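Just so it is clear, the model here is predicted, and its values are computed rather than measured.
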Amino acid sequence: MEAQETLLEELLNVEVEIQDVEEQMKILLQRQDTLYERQSQLKALLEASEGSEYPAKDTASTTVENWSGSCEWDSEADDVRFNVFGISTYRANQREIINAVMSRRDVLVIMAAGGGKSLCYQLPAILRDGVALVISPLLSLIQDQVMGLTALGIPAYMLTSTTSKEDEKFIYKALEKGEGDLKILYVTPEKISKSKRFMSKLEKCHNAGRLSLIAVDEAHCCSQWGHDFRPDYKNLGILKIQFPSVPLIALTATATHKVQIDLTQMLHIPKCVKFFSTVNRPNLFYMVREKSSVGKVVIEEIAGFIQEFYPNNESGIVYCFSRRECEQVAKELRESGISADYYHADMDVNAREKVHLRWSNNKLQVIVGTVAFGMGINKPDVRFVIHHSLSKSMETYYQESGRAGRDGLPSQCLLYFRPGDVPRQSKRQCRRSSIFRHFAEPFQDCNGMCDNCAFSSEIEEMDVSSHAKVIVSLLQDIRENDQRLTMLQLIDKLKTKHKELGSNLKRDQKEELVIKLILDRVLIEEFQHTAYATNAYLTIGPFAKQVLQGKRDVKLEVCNAQKKVAGINSVKHNVAFSGLEMKLDELRKELSSTHGGIFPHSILSTQQICMISAQKPNTLEQLEKIIGRLKTEKYGNRILEQIIKYADSNELKDEHGSDVRPKKRLKTKKPVVLIESSDDDA
Ligand SMILES: Nc1ncnc2c1ncn2[C@@H]1O[C@H](COP(=O)(O)OP(=O)(O)OP(=O)(O)O)[C@@H](O)[C@H]1O
Ligand SMILES: [Mg+2]
């Protein structure tokens with residue numbers, strides 16, 4: 001009997017160790033995957049840098065040749081950047097990419113969502129003589145871009161199914177004869193593969209030396225390894241064959257190494273200059289919350305979050321798993337007082353476009369969508385993205401959450417998960433670490449921009465061996481009396497025992513301890529099936545004896561109450577308009593509706609609103625220093641009028657003794673903190 005017990009004990013020990021080894025192997029295999037990915041990236045970088053005297057820089061912003069020196073077009077480029085686009089400084093890599101394109105090199109750009117890829121081909125298109133051709137996968141993306149450029153006075157057109165006969169005639173004439181003012185022409189990839197007429201006009205444009213550059217946007221669509229393969233993108237290789245001397249720039253936000261290789265082969269740009277920027281989005285605050293099993297509780301939480309942080313109708317997206325869920329969540333959010341509507345693939349195109357448009361014009365606060373609400377979203381001032389359900393992959397999550405804060409201003413990403421969805425994490429990790437791991441990038445400091453880093457909670461190991469002993473002896477007594485206990489009954493019984501122990505554990509700590517004892521086989525569960533249910537009872541397991549004899553220590557990781565890390569405050573992840581900002585926000589909405597077809601963010605960006613209201617310019621000259629010449633010419637008088645009106649109304653209020661500013665702002669409504677990556681910190 002004794003010998004059998006010893007054998008059984010050893011068998012259990014071996015089984016526990018096997019389990020342990022399997023866990024470790026899993027971790028090592030994951031690490032091996034990451035290392036393979038990185039190995040091939042490094043090999044490709046080395047290959048590309050062969051013959052180049054410039055070694056690769058850090059991965060946060062890697063280029064293998066130096067494109068940051070001064071160039072002959074610098075001052076003209078600066079003038080267009082500021083006075084036409086109203087952009088005061090370049091972001092990381094933008095200037096270098098522009099220089100490479102201007103030097104007539106083929107270029108591959110991998111830059112995070114919202115990083116500012118469009119400027120990298122739009123600015124050279126303006127600087128160069130002739131017409132730039134841009135290939136983009138979606139009509140809605142093209143419409144957004146053309147509308148934005150037109151608002152800036154740049155002659156941009158599109159040749160799609162929606163183009164009028166008149167415009168088509170104008171475009172063909174411009175391509176063929178160089179007549180009329182055409183700088184940037186957008187087409188979908190089908191035009192290249194299916195329209196012989198278009199290709200022949202393009203050929204004529206090229207033969208006359210007027211095709212200045214070709215941009216392939218969302219270039220990951222070329223590869224079937226990418227997450228959004230478009231068959232027509234496969235035919236774009238023809239461009240480099242037909243127009244070998246025209247610089248081609250391919251741009252995408254995400255492309256694994258495999259996709260990069262694939263797309264440079266397909267587009268025939270083997271010697272392209274590659275610019276990789278980090279996947280990190282420093283302005284996004286990541287949060288993860290456990291999802292209640294009660295649907296209403298989740299909606300209440302989401303509605304509460306939106307009302308607390310975004311009371312001024314700031315735009316957001318809620319992602320759901322199914323079409324039905326979208327409709328349900330949108331309805332319940334509306335019932336909670338949030339302006340929300342749904343968007344999914346089952347709706348007809350017009351209804352979908354209507355919802356999208358209302359949202360883009362800030363007439364609807366929240367879109368509740370499935371993955372169908374995807375690539376076409378160009379809105380720069382999305383302040384929050386909430387995942388009501390988990391995305392299907394890390395890549396998809398990165399893409400979807402990345403729709404927040406494309407203007408570089410603080411925004412929040414909130415993810416709900418059910419405990420069963422993910423393996424338990426015993427240590428509190430930075431949320432960004434899984435993104436870096438997935439994209440095989442070295443870890444960067446999160447800067448307190450996720451819930452785990454913003455709120456440190458000390459994890460301590462607590463010796464709970466004496467609690468474990470009490471549990472085991474209690475269950476032994478119960479068994480001797482031919483009784484049984486479920487987990488809940490056991491925990492209730494422990495209440496009366498805490499005096500014996502000197503210290504008491506909280507209820508959830510007791511639950512955690514019992515689960516740990518089950519996993520360590522100190523306790524085992526016995527199941528009893530009835531006609532209606534299966535009940536689980538607890539009883540002592542093979543390692544119970546060791547605990548009782550004091551041969552086995554039991555430790556629990558306990559989290560102390562959360563406390564804020566010094567210096568981190570709730571400001572960083574929120575932008576909320578107040579005072580004059582609110583007035584300027586109203587003005588841009590008004591101007592957008594009177595200027596027909598221009599989105600409010602194309603009139604003034606959120607960033608520009610914040611700068612104007614901080615500096616309160618008095619003259620058009622002062623205003624021009626903030627938003628550039630073009631916007632000042634177009635809207636300057638109205639903006640100044642608004643500033644004066646606001647100042648007057650404040651003086652008036654002052655005379656009557658009331659405070660100008662809102663007396664008490666929400667704790668989250670603090671001045672905007674800009675988290676911009678620029679050349680300097682690249
Ligand atoms: N240097 C800059 N400074 C300030 N804002 C900028 C700068 N460059 C671009 N932006 C703005 O950032 C926003 C996002 O730019 P853009 O649409 O080019 O991003 P993207 O990299 O193409 O992103 P996506 O992958 O989502 O298409 C736009 O509102 C744009 O005006
Ligand atoms: Mg883009």
Exercise: identify the closest heavy-atom pair between L494 and V470
CD2-CG1, 4.1 Å

Between W359 and I317, is there a side-chain heavy-atom distance shorter than 4.5 Å?
yes

With sequence neighbours excluded, residues passing ring pair (Phe, Tyr, Trp, His ring centres under 6.0 Å) with Y398
F439

Quick one: do E335 and K331 make a salt bridge, cutoff under 4.0 Å?
yes

Can you confirm whether L523 sits close enough to I471 that some side-chain heavy atom of one is under 4.5 Å from a side-chain heavy atom of the other?
yes

Identify the two heavy atoms, one from A404 and one from L284, that lie closest to each other, and give their separation to 0.1 Å.
O-CD2, 3.5 Å

Pairs flagged by ring-ring contact (aromatic ring centres under 6.0 Å, His included) wherever residues 538-558 is involved - sequence neighbours left out:
none

When rounded to the nearest 0.5 angstrom, what is the spacing between CD in Q444 and CD1 in I435?
11.0 Å

Donor-acceptor contact below 3.5 Å, side chain S322 vs main chain C320
no

Do M449 and P282 touch side chain to side chain, with heavy atoms closer than 4.5 Å?
no

Y416 side chain reached by I386 side chain, heavy atoms, under 4.5 Å:
yes

Can you check whether L409's main-chain N or O pairs, donor with acceptor, with D407's side chain at less than 3.5 Å?
yes

May I ask you to decide if N447's main-chain N or O and D445's side chain share a donor-acceptor pair within less than 3.5 Å?
yes

Of all residues at least two apart in sequence or in a different chain, which pass the ring pair (Phe, Tyr, Trp, His ring centres under 6.0 Å) check with F384?
Y310

Given side chain to side chain contact (heavy atoms under 4.5 Å, CB included), test R437 with M394 step by step and report yes or no.
CA-CA 10 Å; R437 228 186 352 260; M394 184 55 151; over 6 Å; no

Hey, is E5 close enough to K545 for a salt bridge, meaning N to O under 4.0 Å?
yes

Decide whether E332 and Q328 meet the rule of one side-chain donor and one side-chain acceptor closer than 3.5 Å.
yes

Kindly give the heavy-atom pair with the smallest separation between V554 and D463, and that separation in Å.
O-OD1, 3.4 Å

Contacts of type ring pair (Phe, Tyr, Trp, His ring centres under 6.0 Å), residue H356, not counting sequence neighbours:
F373

Interatomic spacing from CG in L548 to NZ in K469 - rounded to 0.5 Å:
7.5 Å

T486 side, atom OG1; D492 side, atom CG - distance, nearest 0.5 Å
8.0 Å

Non-neighbouring partners of E17 that pass side chain to side chain contact (heavy atoms under 4.5 Å, CB included), sequence neighbours left out:
none

On a heavy-atom basis, which atom in M111 and which in S277 lie closest, and how many Å separate them?
CG-OG, 4.0 Å

Minimum heavy-atom distance S292-V298, with the two atoms named
O-CG2, 3.5 Å

Without swapping roles, check the side chain of R432 against the backbone of R281 for a donor-acceptor pair under 3.5 Å.
yes

Kindly check if the number of other-residue, nucleotide or ligand heavy atoms within 6.0 Å of CZ (F305) is above 12?
yes

Please round to the nearest 0.5 Å and tell me the distance separating atom CG of N93 and atom CD1 of I110.
11.5 Å

For N378, enumerate each residue passing the side-chain hydrogen bond (donor to acceptor under 3.5 Å, both in side chains) test, keeping only those at least two apart in sequence or located in another chain.
R406

Close side-chain approach of C326 to R323, heavy-atom, < 4.5 Å
no

pair V368-H388: side-chain heavy atoms closer than 4.5 Å:
no

Is the number of heavy atoms from other residues, nucleotides or ligands within 6.0 Å of CD (Q489) greater than 12?
yes

side-chain hydrogen bond (donor to acceptor under 3.5 Å, both in side chains) partners of H344, counting only residues at least two apart
E327

Can you tell me which residue among K291, R431, H387 is in a side chain to side chain contact (heavy atoms under 4.5 Å, CB included) with L415?
H387

When every non-hydrogen atom of G316 is compared with those of V382, the smallest separation belongs to CA-CG1, 4.1 Å

Between C430 and N452, is the side chain to side chain contact (heavy atoms under 4.5 Å, CB included) condition met? List the steps.
CA-CA 6 Å; C430 167; N452 280 348; 5.8 Å; no

Side chain to side chain contact (heavy atoms under 4.5 Å, CB included) filter on S336, not counting sequence neighbours, yields I299, A303

So do the side chains of V371 and E400 get within less than 4.5 Å of each other, counting heavy atoms only?
yes

With E525 via side chain to side chain contact (heavy atoms under 4.5 Å, CB included) - residues at least two apart:
I518, F527, A536, L538

Listed pairs under 3.5 Å, donor-acceptor, residues 9-16 side chains, sequence neighbours left out:
from : atom 1 : to   : atom 2 : distance (Å)
E9   : OE2    : Q546 : NE2    : 3.0
E15  : OE1    : R521 : NH1    : 3.2

For K493 and I478, run side chain to side chain contact (heavy atoms under 4.5 Å, CB included): C-alpha distance rounded to whole Å, both residues' side-chain angles, the deciding distance at 0.1 Å, then the answer.
CA-CA 11 Å; K493 275 224 178 307; I478 294 282; 4.1 Å; yes

Calculate, to the nearest 0.5 Å, the distance between atoms CD and OG1 belonging to Q4 and T6 respectively.
9.5 Å

Please evaluate residues Y342 and V355 with respect to the criterion side chain to side chain contact (heavy atoms under 4.5 Å, CB included), reporting the C-alpha separation (whole Å), side-chain torsions for both, the decisive distance (0.1 Å), and the verdict.
CA-CA 8 Å; Y342 59 85; V355 173; over 6 Å; no

F443: ring pair (Phe, Tyr, Trp, His ring centres under 6.0 Å) partners, not counting sequence neighbours
F436

CE of M487 to CG of L485: how many Å apart, nearest 0.5 Å?
12.5 Å

Do R383 and D381 sit within salt-bridge range, that is, some charged N less than 4.0 Å from a carboxylate O?
no

Quick one: does M287's side chain get under 4.5 Å of Q412's, heavy atoms only?
yes

Sorted by chain and residue number, the side-chain hydrogen bond (donor to acceptor under 3.5 Å, both in side chains) partners of N313 (sequence neighbours excluded) come out as none

